[in-house]
Amino acid sequence: MNILISHIVVPTLTALALMFASTQKQVRTIAAGGMTIQLIQSLVLLYFFLQERAGGNETAVLFTQSFSWYPSLGISFDIGVDGIAVAMILLTSVVIFTGIFASWEVDKMYKEFFISLIILATGVYGFFVSLDLFVLFLFFELAVIPMYLLIGIWGSGPKEYAAMKLTLMLMGGSALLVVGILGVYFTSDVEGVRTFNILVLGQHHIPIEMQRIFFPMLFIGFGVIGALFPFHTWSPDGHSSAPTAVSMLHAGVLMKLGGYGCLKVAIFLLPEAAQEMSWIFLVLTGISVIYGALATVVQTDLKYINAYSSVSHCGLVLFAILMLNKTAYTGAVLQMISHGLMTALFFALIGMLYSRTKTRIITEMGGLMKVLPFLSVCYVIGGLASLGLPGLSGFVAEMTIFVGAFEHEDLFHRVATIIAISSIVVTAVYILRVIAILLMGPVRDESYHNFPKAKWFEKIATVSLIVGILVIGLTPLWLSDMIRESLGMIVDKLVLK
Amino acid sequence: MTVQELLLMRHEWALIAGVLILLVLELNFSEEQKSKSIISAVVIFTIITLLGFLPAESGSTFGGMYVTDPVRLLMKNILNLGVLIIFLQAGSWLQTKNNYNRVTEFYLLMLSSVIGANFMISAGHFLMFYLGLELLTIPITAAASYDQYKSKSAEAGIKLILSSAFSSAILLFGLSMLYGSTGEMYFSEVRFSNDLIQVLGFVFFFSGLGFKISIVPFHLWTADVYEGSPTNVTSYLSVVSKGAAIFVLVLLLINLFEPLRLVWQQVIYGTAIFTMTIGNLFAIRQQNLKRFLAFSSIAQAGFILLGVIGGSALGMATVIYFVLVYVFSNLAAFGVVIAIEQYAGKVNMADYNGLYKTNPRLSLVMMLALFSLAGIPPLAGFFGKFFLFTAVAASGFYILLFIAVLNAVISLYYYLLVVKAMFISKSESPVPYFQSDYPTRIALSACVIGIIVIGFYSPVFEYIKQLCLISF
Amino acid sequence: MEYQYTLWIVALPLLAFLINGLGSGRLPGKVSGWIATIAIGGSTFLSYQTAFQYFSSPSREKVIAFKTTWLRFNETLHIDMGILLDPISVMMLVVITTISLMVFIYSQGYMKNENGYDRYFAFLSLFSFSMLGLVVATNLFQMYMFWELVGISSYLLIGFYYDKPSAVAASKKAFIVTRFADLGFLIGILMVSYYTGTFDFDILTNPDGLNFSTTASFLGLSSITWALLLIFMGGAGKSAMFPLHVWLPDAMEGPTPVSALIHAATMVVAGVFLVARLFPLYYAFAPTALEVVAFIGAFTTLFAAIIACTQFDIKRVLAFSTMSQIGYMMLALGVSGYGGEEGLGYTASLFHLFTHAFFKALLFLGAGAIIHAVHTNDIREMGSLRKHQPVTHILFLIACLAIAGIPPFSGFFSKDEILAATFATHPIYFGIAVIVAGLTAFYMFRLYFIVFWGKEKKYEHAPHEAPTVMLIPMIVLAIGSALAGFIPFGHYISSDGQSLTLHINWLVAITSVVIALAGIGVAWTFYKTGSDASQKVIKALGSVYTSAFNKFYIDEIYILITKGVIFRLIAKPIAWFDRNVIDAFMNLLAAITNWVSSQIKEFQSGQVQKYAFIFISGVLIIVLSLIYATQ
Amino acid sequence: MVEQVPLNHALIVTTLMFFIGVYGFLTRKNLITMLISVEIMLNAVNLNFVFFDNYLFPGKLEGHFFSLFIIAIAAAEAAVAIAIFINLYRNIRSIDVEQVDKMKY
Amino acid sequence: MGTSAIIFYTIAAIMIVFSLLAVTARKILRAAVYLLFALGGTAAIYFMMNYFFLAAVQLIVYAGGIVVLIIFSILLTSHIEEKMQKPDTWKIILTSILGFGGTALCLFVITNHLFVAHPATGAEATMATIGEKLLGYGEGGYVLPFEVISILLLAAMIGAIVVAKRNKPKGNG
């Protein structure tokens with residue numbers, strides 16, 4: 001079986017198997033087992049991919065397979081991956097794997113919880129492997145919907161409101177996607193039966209006046225889930241209400257669908273309009289970056305902090321994508337991966353801290369370093385990654401973005417870039433603020449000394465993510481080269497003009 | 001007149017035969033055996049449905065009064081499937097003490113209404129169309145007031161019969177104008193020429209059909225009638241009656257009213273927007289689930305108009321496909337509503353709070369149905385809706401498409417409200433656990449299978465598209 | 001390659017960090033200390049080996065000892081990890097490893113009874129690793145990376161006592177201020193790399209191969225000038241130049257050995273090192289930037305020296321002294337020319353860097369020994385310590401003499417060269433330098449006299465002499481402080497790589513010694529004799545003294561800008577805006593939908609006649625609009 | 001008559017009658033009178049068909065037959081409608097249309 | 001103006017007046033009677049156009065059937081002497097505007113249209129032709145609608161019975 005198909009099949013089977021599980025132990029075992037297999041096969045995929053590339057296989061997309069589905073509409077189940085997709089799949093596998101462990105102690109309707117979580121993951125995998133716009137969109141929505149139940153049932157705080165808002169805003173985005181996708185489908189000059197295949201569409205031209213209509217639709221459509229200002233407000237509420245694993249998966253992976261889609265669909269298919277209109281969105285993303293960071297500075301709820309910082313970091317992803325050059329694209333993908341890992345780490349840690357302190361307001365906590373050294377150190381590492389410390393993934397991503405952004409000489413891009421760069425200072429401010437208030441200082445309460453130390457599953461979750469952050473941070477070359485190689489297709493279309 | 005020609009009318013003959021058999025059986029059942037007629041009706045209708053799937057030829061008979069082709073057969077078969085499910089779901093209601101000796105009558109009314117639907121679809125003459133329409137409506141108005149001791153049911157009947165009489169009068173006025181300006185009543189011979197009077201006639205005519213489909217502004221009866229009628233009748237109204245009218249609308253617009261294309265495209269453009277939007281706006285404030293489904297079905301009708309507007313084979317195929325999906329989705333939702341109404345007598349949203357705790361299967365079915373209606377993958381509704389969008393995009397109506405997708409988002413909101421009630425909200429006294437009867441379970445399973453399979457199994461759509469291409 | 005082993009100089013501390021970090025809590029305290037010390041000892045040994053090998057070879061060419069591509073940005077730009085050996089990096093290796101080793105040994109005694117012994121050594125090793133990586137960087141970006149790592153280890157060490165709020169605040173401040181400076185550094189790097197297509201020092205420090213447009217691009221300065229100014233901003237942050245100096249005094253919250261290592265001898269001079277590293281670039285393309293360097297250096301040196309005279313916290317006095325001395329170095333760099341005698345400032349600056357490392361580290365360690373003994377930082381609570389700590393007293397005196405520039409201690413030689421360099425170029429800078437020399441002598445001996453002479457104070461425990469393990473490193477450093485001046489520094493290090501013989505400019509030397517002695521004399525009269533002259537002078541100075549005592553209120557200005565403006569006037573409103581405007585807008589859409597929905601409910605009135613009314617009106621309206629549309 | 005009365009005049013009569021029916025339907029309070037109004041509307045339509053048949057397309061009798069069937073259907077409709085009215089009357093003791101608004105919004 | 005025209009306009013006037021009366025009369029039974037006159041007028045016009053069969057059907061089914069049905073139901077559900085309330089003034093005004101508007105619109109369209117006659121070779125509306133056509137199954141034959149309407153009538157009958165028949169009297173349900 002094609003390894004990509006098995007990436008969809010394994011979670012599906014896991015979800016099916018979960019339906020027949022009864023005890024919590026079985027549920028945990030199946031979920032963890034399934035996602036471990038998934039993680040392993042993602043690593044195998046990476047290995048195969050690098051092997052192929054090393055063997056001189058220059059094809060843009062590897063492991064392709066195509067099943068005709070709705071031939072009269074030109075819909076077929078086309079799958080295949082390039083370096084970007086491989087990287088995103090790997091990210092997804094890591095995050096879902098750790099997500100399972102981070103939600104080890106869910107005891108309310110645990111079966112349904114894991115099923116929904118895994119369905120969500122299935123959607124994400126499907127999204128990353130599909131080469132057909134229709135299928136891609138199908139998986140996109142599949143990934144978004146379980147979120148409603150996950151937040152609504154297992155969330156906290158104003159969960160119903162948050163779940164509804166999140167779902168509706170994301171679906172609002174996908175509404176724009178429908179229009180954009182169909183627009184692309186009908187206006188490209190494909191001969192014969194029209195097609196949804198991205199690669200084929202990419203080889204055909206779409207009239208510029210049509211591109212001007214559909215580019216904003218596709219870009220905003222994907223941008224909503226990528227937390228594009230001003231469509232980001234689902235993020236703080238959604239993330240703060242969601243249960244741990246869901247926040248992890250959502251911020252860690254789902255938000256990446258936005259950036260990925262913007263890059264591989266919006267920009268790839270509509271390059272001329274992208275070139276023409278990028279400045280508008282550049283302004284928006286520039287605002288996202290600095291605005292999200294500044295808004296984070298004054299938050300006191302840990303999840304809000306992370307949500308707003310995600311707005312800033314994901315804004316950087318879109319910002320880089322709009323720079324329309326290879327280096328910035330590479331940076332964007334790296335940033336997606338890096339942010340995925342570290343935000344998942346943050347949310348996992350927040351969940352773990354919350355389970356002990358029963359609060360997420362930082363000013364109500366303090367001195368955790370003393371009582372929970374392991375988790376605190378993990379938090380510090382996450383924080384350092386977030387503020388772009390060399391040796392951790394954030395640095396690699398951000399620097400690549402900045403170098404890429406600097407390839408534009410005109411004043412507008414320069415100013416935008418410098419504004420975006422200055423966010424690293426603000427990031428440092430809020431990260432250190434949290435560390436100072438939350439982890440350092442005297443132990444806030446005597447009862448803190450009774451906190452259980454980090455449990456084994458918590459350690460698995462955090463350590464796997466930190467390993468990911470470190471691997472990328474210390475040896476970024478293979479990853480960034482793998483991503484770079486896959487960008488030729490997209491960049492070439494831009495040059496064509 | 002040859003046997004061959006008579007065989008063209010297979011669906012109708014079978015149904016008429018069914019009516020007669022049921023009548024005879026009814027006369028032979030004693031008071032205590034009345035409930036047997038449920039089984040006999042279901043069996044008979046199963047046979048009728050199966051017969052419908054036998055291969056058949058196309059052609060016309062009775063001098064062109066009656067036409068049939070594979071597409072029409074398919075439409076009838078889809079409606080038959082819906083009716084079969086409705087029959088299955090009706091059992092528990094018919095066995096209640098107010099109805100036990102009026103079982104057969106219910107089936108007779110339904111069957112005659114289906115006959116009307118079939119004749120309407122196969123009409124080759126305005127008279128046949130009109131008769132079909134009335135035959136579709138009149139028995140159902142009686143069925144709507146079936147719950148004799150409920151004033152709501154009577155009210156529903158009143159509203160339905162008065163509105164439909166009024167709308168058919170208007171339709172007839174339009175027909176008379178069309179007749180006056182063309183002088184022909186056979187579809188095959190009518191030639192339209194885009195005169196103002198034909199525009200007028202068309203709009204009047206359209207309003208009559210729009211009434212059945214619940215197109216805004218001809219929709220106002222819908223919610224009240226849906227709420228008041230026995231739920232089985234409601235599901236019939238929302239699925240079969242509406243489906244038949246949609247089919248006819250598609251057939252007539254694409255073939256008969258082709259010369260007026262520019263006119264009807266404008267009309268549908270406007271009404272589609274209003275239908276979706278108004279349906280949604282009302283749906284979000286409903287507490288009664290039947291009323292809620294009524295407005296949702298209005299919104300769905302608006303979406304269906306998207307497929308109609310292109311006036312292409314693709315559009316026709318998407319409409320038929322969507323109705324097929326809609327049959328399963330809506331009947332699944334109604335099935336759950338019926339089951340809970342029969343068991344607990346509750347139809348309000350708040351009564352569904354915490355349903356998942358006590359009745360997980362029913363909740364899941366309901367969720368799947370609503371998600372399918374909302375167009376969430378991987379359920380069939382997603383495919384149906386996407387294809388409708390494809391059809392409208394194919395005609396280049398991107399603004400309409402945009403409004404439609406926004407409406408799809410709003411619709412998701414209220415579908416999620418129900419999901420929320422079932423899965424998230426807590427209740428002091430949720431509907432206790434119960435086991436529905438076998439026919440209901442069969443019906444619901446069939447719906448669920450339909451919802452899940454139709455989308456994935458692409459030959460369904462490909463087949464429909466093929467047929468539409470041929471008959472176009 | 002013959003220098004391959006230099007990789008171990010950097011790698012050994014990293015290993016120590018990893019072992020101590022991963023083994024945290026499992027290793028016995030002693031062991032972690034020894035692991036770290038042995039590792040740094042190894043590095044020290046190899047550094048001396050390298051220095052010996054490098055300087056004994058006749059050529060002063062740059063040597064790439066090791067290089068590998070770490071990250072590729074595009075066809076031309078990539079970050080390499082490597083080791084670049086040239087005179088200044090080798091010199092820095094020696095300085096860093098030596099001071100590090102001494103501090104590590106000293107810390108064994110100083111930190112003995114602290115919790116988190118292993119954590120301390122882990123961080124210290126991390127710092128050494130980063131600092132070593134920084135100086136051997138082959139390219140700007142590698143340097144930037146280690147620059148950041150240095151910053152973070154500084155942060156971690158300042159915040160070592162993490163349950164002490166002041167330490168936490170200080171560490172945060174240090175990191176954020178330097179981070180802000182690094183923002184400039186980063187943008188500068190990006191600009192330079194954009195124009196040159198490279199990060200490599202190999203190319204960058206060889207201005208012949210580069211071609212910049214020096215035409216003004218923005219505010220009358222060329223882009224390369226802007227770039228280099230921004231890079232200098234990074235250096236200024238790390239080296240605590242005005243106005244980015246605010247973090248340094250607070251950084252004294254860290255353990256004293258840390259202050260000695262990081263905030264006196266090594267990290268804070270990274271800015272000087274950076275400018276020196278890029279000196280050819282500055283000189284060739286951005287003389288304006290160099291003027292700025294000189295100006296900032298001159299200003300800072302005076303500014304810090306004045307504040308140093310007023311402080312009572314022993315470590316803060318030393319901190320301001322450090323600022324002042326680094327300002328000196330910057331000044332020297334700023335006024336330097338390129339090549340030959342012109343490049344005297346360059347050599348002088350690095351020479352001073354070299355000697356300063358020894359005596360300032362010694363001062364801090366001495367201060368550490370004192371604090372260890374008296375458990376306070378406030379010099380007003382100290383006195384007559386010479387009786388209790390005779391060895392420390394002598395060593396501290398040597399350091400004081402060295403920093404005051406009294407021959408034959410090392411400070412005299414390096415300071416003299418700086419004075420000579422300024423004397424040759426800018427009379428005003430020379431004047432400032434001379435004044436600062438006097439001030440330096442004054443405040444150092446103020447400190448010395450108050451602490452070691454003066455009245456005996458009441459101590460909780462009787463102060464005791466530091467243990468041997470702390471004294472040995474101090475003695476070593478004292479020897480260094482005393483003798484380092486005799487190294488023929490110009491022979492090894494000069495702006496153009498050619499050997500430069502340093503002469504003592506007698507006029508300058510005598511002036512400086514006289515002024516230093518004057519400073520000592522004033523300190524003597526004020527503090528040794530116990531007269532109240534100092535109080536009178538303070539009274540006479542009035543507000544000038546108060547503002548100097550309050551560090552000229554720079555901290556308050558910062559707080560105003562950060563807390564008052566950025567936090568309260570920007571961040572808070574943004575957060576508010578997000579919740580109450582953007583988010584509210586989304587909610588408003590929902591509310592509008594609901595509102596419309598409730599407004600139109602009357603259409604569904606339940607009255608079948610109204611339904612029919614709407615029905616027929618709808619029909620007629622459609623007809624009308626169609627008629628309208630067709631006509 | 002074809003020769004003496006223009007078609008338009010005939011159509012004016014029917015149109016008037018139709019809208020009188022509409023008016024009645026929209027204003028009468030009693031359900032039965034509403035039914036009467038519908039009958040008037042249908043009657044107008046019937047006349048329309050017959051006029052067209054007679055004036056424009058004599059000989060084919062299509063309008064004639066249409067009217068015939070409309071009459072039959074009107075009868076059926078009226079029968080069902082009245083049955084429902086009576087049912088309603090039994091339930092709420094009134095056949096005032098304004099009372100029939102228990103379900104709304 | 002010929003006799004038939006005079007008769008036509010007279011009948012037309014009668015029809016319109018009685019229609020108006022039928023929809024405005026305050027006494028319900030009178031409304032039914034006025035309806036009868038309006039329907040009778042229609043039958044008269046059918047007679048004038050030589051559609052005797054149709055006229056007869058009109059009289060039998062409409063006047064004889066429907067109106068009687070209506071009167072019965074009136075007797076069942078209303079007090080004959082009771083005057084109905086006047087509708088709301090607003091309702092009257094709005095509906096009148098609508099009615100006039102609708103009439104005007106339709107008449108505008110109708111009178112602006114040039115109706116084209118297609119006289120076919122004339123079948124008179126004699127009983128024979130009507131019978132032939134009604135039972136013919138070829139082109140122009142109406143046997144199929146005839147059959148369908150029989151089903152419809154059957155269904156309507158069943159429906160009416162089901163709705164109106166009360167099998168178990170139950171207080172005031």
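Just so it is clear, the values below take in all heavy atoms, side chains as well, and ignore hydrogens, waters and symmetry mates. Every chain is numbered from 1 and lettered A, B, ... according to where its sequence line falls, protein lines coming before strand lines.
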Side chain / backbone / both / neither for [X] at chain E, heavy atoms under 4.5 Å:
| X | result |
| --- | --- |
| D:Y89 | side chain |
| D:F52 | side chain |
| D:F65 | side chain |
| D:I32 | side chain |
| D:A81 | neither |
| D:L47 | both |
| D:N87 | both |
| D:E62 | both |

Go through the atoms of [X] and report whether side chain, backbone, both or neither lie under 4.5 Å from a heavy atom of chain D.
| X | answer |
| --- | --- |
| E:I149 | side chain |
| E:L94 | neither |
| E:V162 | neither |
| E:I161 | neither |
| E:I66 | side chain |
| E:Y34 | neither |

Who wins among [options] for the most heavy-atom pairs under 4.5 Å with chain D?
| options | answer |
| --- | --- |
| E:P87, E:S19, E:G159, E:G99 | E:S19 |
| E:I7, E:V61, E:L107, E:I110 | E:L107 |
| E:A13, E:S73, E:A32, E:C106 | E:S73 |
| E:L153, E:T24, E:L152, E:L98 | E:T24 |
| E:T42, E:T77, E:I92 | E:T77 |

If we count only N and O atoms by modelled type, under 3.5 Å, do the side chains of D:N48 and D:T14 hold a donor and an acceptor together? yes
A quick test of your reading: do over 12 heavy atoms of other residues, nucleotides or ligands sit less than 6.0 Å from [atom1] of [X]?
| X | atom1 | answer |
| --- | --- | --- |
| E:E139 | CD | yes |
| E:K27 | NZ | yes |
| E:I93 | CD1 | yes |
| D:F69 | CZ | yes |
| E:R26 | CZ | yes |
| E:F115 | CZ | yes |

To the nearest 0.5 angstrom, please state how far the [atom1] atom of [X] sits from the [atom2] atom of [Y].
| X | Y | atom1 | atom2 | result |
| --- | --- | --- | --- | --- |
| D:I36 | D:L31 | CD1 | CG | 11.5 Å |
| D:L88 | D:I82 | CG | CD1 | 13.5 Å |
| D:Q4 | E:Y9 | CD | OH | 9.5 Å |

Which donor-acceptor pairs under 3.5 Å do the side chains of residues 48-60 of chain E make with protein atoms, sequence neighbours left out?
| residue | atom | partner | partner atom | Å |
| --- | --- | --- | --- | --- |
| E:Y51 | OH | D:D53 | OD1 | 3.4 |
| E:Q58 | NE2 | D:N43 | OD1 | 2.9 |
| E:Q58 | NE2 | E:L39 | O | 3.4 |

